[in-house]
Amino acid sequence: MRIDDVLDALENLGIAHLIQESTWAYPLLLTIHSIGLAMLAGTSLVIGIRTLGAFGSVPVRGLSSYVPIGIAGFALNALSGALLFTADAHRFYDSGYFLSKLALVFVGAYAGWRLSRLLFVHTEWPDGGPIAPMRLRLLAGLSVGAWLAAIATGRLIAYGS
Amino acid sequence: MIDTIRPVLEWLAASPLGRFMNGAPWAFPAAEVLHFMGLSLLLGALIVVDLRLLGIGQRVPMRATHALLPLAVLGFAVNLVTGVAFLASDPLRYLANPAFIAKMALVGLAGLNLLWFRVVLYAPIAEDRYSGALAAQGRVVAVLSLAIWIAVIASGRLMPYFDRSLAG
């Protein structure tokens, strides 16, 4: 049962004890996680939906300004998420919703990152015309779908396995 | 105050919506999922609009950022409907929750701030008459908007921890 040893070790870290014993640490971490979610999913949805063809009057390349906000949200949530996990490692590890969410976060992060590279570094859709190239639309659909599904599964962790 | 709105709350709790929220076991989690998706749409659109008012992202013309406002309205509408559904599930319990009261007050402030944007700034931006004193007001509106909505998220997320019927 090696994984149980790892989960036990995480739950016994000093920082995990601090979170478990404090009244407000866990709620504050959840609050930070919600704000990071708004930054990451918010900017990813805007860039994804624009690539799928909405709000044509917004110049696509101008949206590169919001990539750092998405990255900051990701960093905030990786950190707050890791801390929440250590405080309650067994419960999260045993949750199918949590494991699904983790997989969806990887898919969303990959799709969002690839999409922003192709849009803003390789400028594969420089004029932001009526229809984006197929692979950009695929990545945008994957990013939007994965982030929405990550939000759903993340929220459902509270309702058991 | 509670006595004047009590009949409304009792009607809401007894309404089909209230019965639905308490009847179907998946209704509450489903509404929560939608509420978080709505929050992401609302904030995503406002991050673009507000940061542009602050001078960030100048390659997008300010007027063009207004194309995102319907996305914010959609997010708000989803959260209004799901929010009323939460309230209908147990109105008096929400009313007794200080984090809920704070959240509603903050949403009201956000509404006033939006009114400021709509009345004073919207037309000048749309007609390219936006400069000087208006830009200074725009920066205040943008900072208030982002600060208030972040506080709305925080007070909403903390509601379970101020729920007296769960405490103790």
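Numbered from 1 within each chain, the chains take letters A, B, ... in sequence-line order. Just so it is clear, the values below take in all heavy atoms, side chains as well, and ignore hydrogens, waters and symmetry mates.
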Cluster link [X] to [Y], ILVMFWY, side chain under 4.5 Å:
X      : Y      : answer
A/F98  : A/L156 : yes
A/F106 : A/L142 : no
A/V105 : A/L79  : no
A/I131 : A/L52  : no
B/V119 : B/L121 : yes

Taking every non-hydrogen atom, the tightest pair across [X] and [Y]:
X     : Y     : answer
B/A45 : A/V46 : N-CG2, 3.9 Å
A/A38 : B/I47 : O-CD1, 4.2 Å
B/V60 : A/L63 : CG2-N, 4.3 Å

Within a 6.0 Å radius of atom OH on B/Y94, are there more than 12 heavy atoms belonging to other residues, nucleotides or ligands? yes
CD1 of B/I56 to CD1 of A/I69: how many Å apart, nearest 0.5 Å? 6.5 Å
Distance (rounded to the nearest 0.5 Å) between B/M37 CE and A/I151 CD1: 6.0 Å
A/P27 vs B/P160 side-chain heavy atoms within contact, under 4.5 Å: no
Comparing B/L46, B/L51, B/L39 against chain A, the one with the most heavy-atom pairs below 4.5 Å turns out to be B/L51
In terms of heavy-atom pairs under 4.5 Å with chain A, which of B/V48, B/L41, B/L43 leads? B/V48
When clusters are formed from ILVMFWY side-chain contacts under 4.5 Å, directly or step by step, what else is grouped with B/V73? none
So which part of B/L71 gets closer than 4.5 Å to some heavy atom of chain A, the side chain, the backbone, both or neither? side chain
Sort [X] into side chain, backbone, both or neither according to what part of it lies under 4.5 angstrom from a heavy atom of chain B.
X     : value
A/I35 : both
A/L40 : neither
A/L45 : side chain

May I have a list of the donor-acceptor pairs under 3.5 Å that connect chain B with chain A?
unit_1: B/E32; atom_1: OE1; unit_2: A/R155; atom_2: NH1; d: 2.8
unit_1: B/E32; atom_1: OE1; unit_2: A/Y159; atom_2: OH; d: 2.6
unit_1: B/E32; atom_1: OE2; unit_2: A/R155; atom_2: NH1; d: 3.1
unit_1: B/R59; atom_1: NH2; unit_2: A/R61; atom_2: O; d: 3.4
unit_1: B/R59; atom_1: NH2; unit_2: A/S64; atom_2: OG; d: 2.5

